[in-house]
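Read the structure below first, then the notes.
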Amino acid sequence: MLKILLGDMNAQKKMITDMSAKALKAKSRQLLIVVPAQATFLLNRQIIEDCHVPGYMHVRPITFEKLTQELLSREGGRAKKSISTEGLSLMCADAIKRTGVDLDVKKDSEIHIKSASFIRTLMQEGITPERTEELAEKLGGTLGLKLKAIAKIYENVSERLENNPSQADLELIAKENAEKSEYIKNSDIAIYRFDVFPKRRLEFIYSMAKVTDLSIL
């Protein structure tokens, strides 16, 4: 079951504290609180302070990346490695050289990082290199030419990522395994402190919500 819990920052903080306290008291089901990577430490401290416990086992702050790895490890027998943000940036830098696209590399020393960020967004939304090129043709003009250049870089990177999936690809694989995962079925899940979700992540969330209680705050 999927629930969306609305409220301001203080209200949502209290909701998370109440969920944590309930899980700590019941000790029957694990509560996974999915948060951005930078928020895991703060959430750990919040639970310890607000629930007045020195430590705990039945509540776990966890990132989407870690949740994906754990699900795939349990279902597939081993964790699957994904390309890091830094790795994708390096691959884009190499792809720019290989394809010879015109992206004003000399004027912008971070163009490979910006390209990698944009390509990762396209991956997360399930937009292929072919679809990116189609959109570039429709857009036309200077922006269309730049998007076409990105499409060439994206195509080159995609070919080399076939055996080394991105995080978006791993979440797609995890989505396909979530409904049969005992790990997901035996855990309550709260997703906390996210502003937006890309398409593939939403599909992953909906898949988990079919087999367990999942709240978005």
Side-chain angles (χ1 to χ4, degrees), residues 1-75 82 85 117-127 166-217:
M1 180 187 293
L2 174 62
K3 294 182 288 186
I4 298 176
L5 306 178
L6 303 177
D8 60 21
M9 188 180 298
N10 289 330
Q12 291 189 341
K13 181 179 177 182
K14 185 178 186 305
M15 290 177 200
I16 282 292
T17 298
D18 290 345
M19 287 181 187
S20 300
K22 184 178 178 181
L24 290 169
K25 183 178 180 180
K27 298 182 180 179
S28 56
R29 286 174 62 83
Q30 176 175 239
L31 172 64
L32 300 176
I33 307 178
V34 187
V35 290
Q38 66 271 22
T40 52
F41 173 76
L42 292 175
L43 183 57
N44 271 309
R45 190 173 68 180
Q46 176 187 323
I47 294 169
I48 288 172
E49 291 178 352
D50 292 354
C51 296
H52 308 292
V53 289
Y56 49 88
M57 292 179 60
H58 293 278
V59 179
R60 286 191 61 201
I62 190 171
T63 63
F64 267 111
E65 291 76 13
K66 183 65 176 174
L67 175 60
T68 302
Q69 289 286 346
E70 289 193 3
L71 191 159
L72 293 177
S73 177
R74 290 165 187 262
E75 293 303 319
S82 65
T85 301
S117 177
F118 185 51
I119 287 171
R120 186 176 290 278
T121 299
L122 293 173
M123 289 176 173
Q124 290 173 329
E125 295 296 341
I127 300 173
S166 70
Q167 177 61 30
D169 292 326
L170 290 186
E171 287 185 14
L172 182 61
I173 299 169
K175 180 205 80 170
E176 294 167 355
N177 286 274
E179 290 182 48
K180 64 182 181 183
S181 171
E182 292 300 318
Y183 176 57
I184 298 299
K185 290 178 183 178
N186 294 326
S187 303
D188 294 323
I189 300 173
I191 300 174
Y192 180 48
R193 296 187 67 176
F194 286 90
D195 295 323
V196 294
F197 299 106
K199 180 182 177 182
R200 288 192 180 178
R201 183 160 289 176
L202 276 174
E203 291 174 350
F204 182 26
I205 290 170
Y206 292 149
S207 183
M208 291 188 289
K210 289 180 181 179
V211 294
T212 193
D213 286 337
L214 188 151
S215 302
I216 300 177
L217 292 82

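Not measured: the values here are computed from a predicted model.
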Sub-4.5 Å side-chain heavy-atom contact between Ile173 and Leu72: yes
Criterion salt bridge (Lys or Arg N to Asp or Glu O under 4.0 Å) on Asp18 and Lys22, from CA distance to verdict: CA-CA 6 Å; Asp18 290 345; Lys22 184 178 178 181; over 6 Å; no
Worked check of side chain to side chain contact (heavy atoms under 4.5 Å, CB included) between His58 and Gln30: CA-CA 5 Å; His58 293 278; Gln30 176 175 239; 5.6 Å; no
Side chains of Ile205 and Leu214 in contact at under 4.5 Å (non-hydrogen atoms): yes
Criterion side-chain contact (heavy atoms from CB on, under 4.5 Å) against Leu31, the qualifying member of Ile189, Leu24, Asp188: Asp188
Glu182 CD to Leu71 CG distance, which is reported to the nearest 0.5 Å: 11.5 Å
Heavy-atom side-chain contact between Met19 and Val59 under 4.5 Å: no
Any donor-acceptor pair under 3.5 Å from Ser187 side chain to Ile184 backbone: no
Non-hydrogen atoms of Pro61 and Leu43 that approach each other most closely: CB-CD2, 3.8 Å
CA sep, side-chain torsions, deciding dist, call: Leu170, Gln69, side chain to side chain contact (heavy atoms under 4.5 Å, CB included): CA-CA 8 Å; Leu170 290 186; Gln69 289 286 346; 3.7 Å; yes
Min side-chain heavy-atom separation Arg74-Ser181 under 4.5 Å: no
Heavy-atom check, side chain of Leu32 versus side chain of Leu67, under 4.5 Å: yes
Shortest non-hydrogen contact from Cys51 toward Ala21: SG-N, 3.9 Å
Expected output: side-chain Glu125 to main-chain Lys199 donor-acceptor under 3.5 Å: yes
Any side-chain donor near an acceptor of the partner, Glu70 and Tyr183, under 3.5 Å: yes
Val34 vs Tyr192 side-chain heavy atoms within contact, under 4.5 Å: no
Side-chain heavy atoms of Leu172 within contact of Phe204, under 4.5 Å: no
Salt bridge (Lys or Arg N to Asp or Glu O under 4.0 Å) assessment of Arg200 paired with Glu171: CA-CA 7 Å; Arg200 288 192 180 178; Glu171 287 185 14; over 6 Å; no
Straight-line distance of Leu202 CG to Ile216 CD1, nearest 0.5 Å: 7.0 Å
Main-chain N/O of Met208 paired with Thr212 side-chain donor or acceptor, under 3.5 Å: no
Spacing of Thr17 atom OG1 and His52 atom NE2 [to the nearest 0.5 Å]: 9.0 Å
Separation of Arg45 CZ from Asp50 CG (nearest 0.5 Å): 10.5 Å
Derivation and outcome, side chain to side chain contact (heavy atoms under 4.5 Å, CB included), residues Leu5 and Gln12: CA-CA 8 Å; Leu5 306 178; Gln12 291 189 341; over 6 Å; no
Stepwise side chain to side chain contact (heavy atoms under 4.5 Å, CB included) check, Ile47 with Ile33: CA-CA 11 Å; Ile47 294 169; Ile33 307 178; 4.1 Å; yes
Check: Ile16 main-chain N/O paired with Ser20 side-chain donor or acceptor under 3.5 Å: yes
Within-4.5 Å side-chain heavy-atom neighbours: Ser215 and Met1: no
Heavy atoms of other groups near Lys3 NZ, more than 12 under 6.0 Å: no
Shortest non-hydrogen contact from Arg193 toward Leu42: NH1-CD1, 4.3 Å
Heavy atoms of other groups near Arg29 CZ, more than 12 under 6.0 Å: yes
Proximity of Phe194 and Phe64 rings by center, below 6.0 Å: yes
